[in-house]
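One is the number of the first residue; the rest follow in order along the sequence.
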Amino acid sequence: MRILLIIPPQHGPFQPLLGVPSITAYLREKGHEVYQQDLNVEAFQYFLSPERLKEAQADTKTIRDTKRAVRALRSPKTASSPSEYFSAISKIEKSLGLISKNYYPARLSLGQNAQEKHSHFSSSGLLKATIDASSNPFIEFFEKKALNRILKLSPQIIGISVSWKSNLFPAFTLARMIKNIAPGIHITMGGSYISALEEYLKRNRRLHKYIDSFVVYEGEISVEKLAGAIKSQQKLSSVPNLIYMKEGKIFYNPPESIALDRLPTPDYDGLPLKDYFSPFPVLPLLTSRGCYWGKCAFCSHNPNYKNLDQRDVGLVIDDIKRLSRKHKTRCFLFNDSCMSPKRLEELSKRLIKNRLNIKCICELRFERALSLPLLKLMSKAGFDLLYFGLESGCQRSQDKMEKGVRIATAEKILREAKKANIKCDISSFIGFPGETKDEAVETFKFFSRNRRFINSMSVGVFQLTKNSRVYNAPTDYGIEKIHKNRGEDLCLSFRYCCKTGMSQEQARQLLCSSCVPKDIVSLYRGREHSMTAAC
């Protein structure tokens, strides 16, 4: 069966996402004819083209600077120079701002967030956005650059992957446009953001207007069985993880998962690896599903996984060998929620034994087991950059979040990672329920006293998200009321009132105040560029 899988706009154009290549590999192994397209990076190339900038009344210098800035982001020299990196980012954002003026209040950006005329948290707003050409720049892009090419392939199934909130409007817009021309094509939509909307998809008929089915959680088995059901004209009731509407009634099929060891190496063939805004192809890989810690009170991601599933390290090594050889890259991003020290030690030893000479990124916790000898082993294996979710520099806040991290341990690991020649990127937030201003300031103090050990950092404001432990048991964390706005029937994050501590607005004001060291809020580079500086 001919299947087309699409990565829609809008998120950072720095690397491909993993979901589509993973499903592509599985479907191709099963004998299907599969095509994959990254319309996200194509959209950035379209909007930043000299022709579009001229239409936006950009002057000659801006057009020239934009071209040079994109070229700079693809240069290893820029990756190793923060000043050149931020200069290039600034010039591109300026040009995207010019393009955006014609679609106000929509805002094109290199990031994942964009101001919109219609609410992402409203199904009616979502559907209105798909037809509002005055504020939806992707209607023009799809019409001019994507739609004809998609239809020319004559796919029987089109799968659209929605990983971020900012993908939602473009994804539904594309589905509407395809359905209006070729209603016989089965359009299915999946991805992590669609999985987060599961509860709403089961009861909101509006969302099924342009979409024939939704896949929640793992997509490999679901799309393969969906293809089989459509080919043999069987009922969709046999397809796991599927939400669909028939004769006005919404159905949900029970979940089914596949062990990571049964999946082939992700297949990136057909994706424009040379077009991403990075010096080298940075290829995502997955060595585990789920989180071995799984206790963080703010996390709404881990509840999606009932058990931790880890891919055999030998298979991971095979994945790296194949992809490195085929795509001539040394750069890999492990998409695991969190890699344990034991797992890192095993993988590092195998990488060294196989002399793979790669550079890689992973996310992990500040565990006491991350000793200097282990960090040196990881550095030798190619772990050039580690991404830590510190969350808070205040021990009381850490304990309330159930992070299981000691601040002193975190500081020790940062010092020893520096000794091991490993860069560390740190993310955090202030305003966890009950946190006072003085406690929030402890996070800024943490960054200030450890500044020389940190590669880049970011600080945000706590978001109360659906299905997190805090959301499900708010009174346990001092939350008196969760506000749910009428009409926001797709809401995944909520305003709330707390008995003690800062309000959400006070936390935002503190983050913008003069007491925050400037280098804390400004020194954050894309992980792809932080890592490829060493490649």
Distance-only, no hydrogens or angles: does the [X] side chain make a donor-acceptor pair with backbone N or O of [Y] under 3.5 Å?
{"X": "Asn455", "Y": "Cys424", "answer": "no"}
{"X": "Glu416", "Y": "Ser371", "answer": "no"}
{"X": "Gln395", "Y": "Ile407", "answer": "yes"}
{"X": "Ser166", "Y": "His11", "answer": "no"}
{"X": "Arg469", "Y": "Lys295", "answer": "yes"}
{"X": "Asp425", "Y": "Tyr387", "answer": "no"}
{"X": "Asp212", "Y": "Thr188", "answer": "no"}
{"X": "Gln15", "Y": "Pro284", "answer": "no"}
{"X": "Asn167", "Y": "Ser163", "answer": "yes"}
{"X": "Asn450", "Y": "Phe446", "answer": "yes"}

Would you say [atom1] of [X] has more than 12 non-hydrogen atoms from neighbouring residues, nucleotides or ligands within 6.0 angstrom?
{"X": "Lys466", "atom1": "NZ", "answer": "yes"}
{"X": "Arg203", "atom1": "CZ", "answer": "yes"}
{"X": "Lys101", "atom1": "NZ", "answer": "no"}
{"X": "Arg368", "atom1": "CZ", "answer": "no"}

| task | Assign the ring pair Phe366 / Phe388 to parallel, tilted or perpendicular, where the plane angle (0 to 90°) is split at 30° and 60°. | result | parallel

| query | Do the ring planes of His208 and Phe214 sit parallel (below 30°), tilted (30 to 60°) or perpendicular (above 60°)? | reply |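 The rings of His208 and Phe214 stand perpendicular, inter-plane angle above 60°.
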
So [Y] and [X], do their side chains get closer than 4.5 Å, heavy atoms only?
{"X": "Leu39", "Y": "Phe141", "result": "yes"}
{"X": "Phe447", "Y": "Ser428", "result": "yes"}
{"X": "Val470", "Y": "Pro433", "result": "yes"}
{"X": "Val215", "Y": "Val239", "result": "no"}
{"X": "Tyr210", "Y": "Thr173", "result": "no"}
{"X": "Val405", "Y": "Glu391", "result": "no"}
{"X": "Phe44", "Y": "Gln10", "result": "yes"}
{"X": "Phe121", "Y": "Ser493", "result": "yes"}

Salt bridge or not between [X] and [Y]? Use side-chain N to carboxylate O under 4.0 Å.
{"X": "Lys202", "Y": "Glu198", "value": "yes"}
{"X": "Glu488", "Y": "Arg495", "value": "no"}
{"X": "Glu442", "Y": "Lys445", "value": "yes"}
{"X": "Glu505", "Y": "Arg508", "value": "yes"}
{"X": "Glu346", "Y": "Lys342", "value": "no"}

Mind listing the closest non-hydrogen atom pair of [X] and [Y] along with its distance?
{"X": "Thr443", "Y": "Cys394", "result": "OG1-N, 4.3 Å"}
{"X": "Cys338", "Y": "Tyr292", "result": "SG-CE2, 3.5 Å"}
{"X": "Cys362", "Y": "Met339", "result": "CB-SD, 3.5 Å"}
{"X": "Met457", "Y": "Arg451", "result": "CE-CD, 3.6 Å"}
{"X": "Ile243", "Y": "Leu201", "result": "CG2-O, 3.7 Å"}
{"X": "Leu370", "Y": "Leu344", "result": "CD2-CD1, 4.3 Å"}

If I take atom [atom1] from residue [X] and atom [atom2] from residue [Y], how far apart are they, to the nearest 0.5 angstrom?
{"X": "Asp336", "Y": "Leu308", "atom1": "CG", "atom2": "CG", "answer": "9.0 Å"}
{"X": "His301", "Y": "Thr465", "atom1": "NE2", "atom2": "OG1", "answer": "12.0 Å"}
{"X": "Ser123", "Y": "Leu197", "atom1": "OG", "atom2": "CG", "answer": "10.5 Å"}
{"X": "Arg289", "Y": "Tyr217", "atom1": "CZ", "atom2": "OH", "answer": "13.5 Å"}
{"X": "Lys423", "Y": "Asp384", "atom1": "NZ", "atom2": "CG", "answer": "3.0 Å"}
{"X": "Ile361", "Y": "Asn335", "atom1": "CD1", "atom2": "CG", "answer": "9.5 Å"}

Less than 3.5 Å apart, which donor and acceptor atoms pair up between the side chains of residues 474-484 and the rest of the protein, not counting sequence neighbours?
residue : atom : partner : partner atom : Å
Tyr477  : OH   : Glu402  : OE2          : 3.1
Lys484  : NZ   : Tyr471  : OH           : 2.9

| message | Assess the residue pair Leu126 and Phe169 against the criterion (side-chain contact (heavy atoms from CB on, under 4.5 Å)); give the C-alpha distance rounded to whole Å, side-chain angles, the decisive distance to 0.1 Å, and a yes or no. | response | CA-CA 6 Å; Leu126 172 58; Phe169 284 180; 3.3 Å; yes

| query | Passes side-chain contact (heavy atoms from CB on, under 4.5 Å), Gln506 versus Lys437? Steps please. | reply | CA-CA 8 Å; Gln506 287 172 329; Lys437 177 181 178 180; over 6 Å; no

| request: Give the C-alpha distance, both sets of side-chain angles, the deciding distance and a yes or no for salt bridge (Lys or Arg N to Asp or Glu O under 4.0 Å) between Glu411 and Arg415. | output: CA-CA 6 Å; Glu411 293 184 299; Arg415 292 193 299 270; 5.2 Å; no

| task | Could you tell me whether the side chains of Ser379 and Asn421 share a donor-acceptor contact shorter than 3.5 Å? | result | no

| request: Establish, from distance only, whether the side-chain atoms of Glu220 and Ser22 form a donor-acceptor pair under 3.5 Å. | output: yes

| Taking only residues two or more places apart in sequence or in another chain, which ones pass ring pair (Phe, Tyr, Trp, His ring centres under 6.0 Å) with Tyr244? | Phe251

| field | Evaluation steps, side-chain contact (heavy atoms from CB on, under 4.5 Å), between Trp164 and Asn40 | value | CA-CA 12 Å; Trp164 311 100; Asn40 177 61; over 6 Å; no

| query | Can you list every salt bridge (Lys or Arg N to Asp or Glu O under 4.0 Å) pair that touches residues 392-401, not counting sequence neighbours? | reply |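 Only Arg396-Glu439, Asp399-Arg406 qualify under salt bridge (Lys or Arg N to Asp or Glu O under 4.0 Å).
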
| Could you walk me through whether Glu363 and Ser337 pass the side-chain contact (heavy atoms from CB on, under 4.5 Å) check? | CA-CA 7 Å; Glu363 296 193 25; Ser337 297; over 6 Å; no

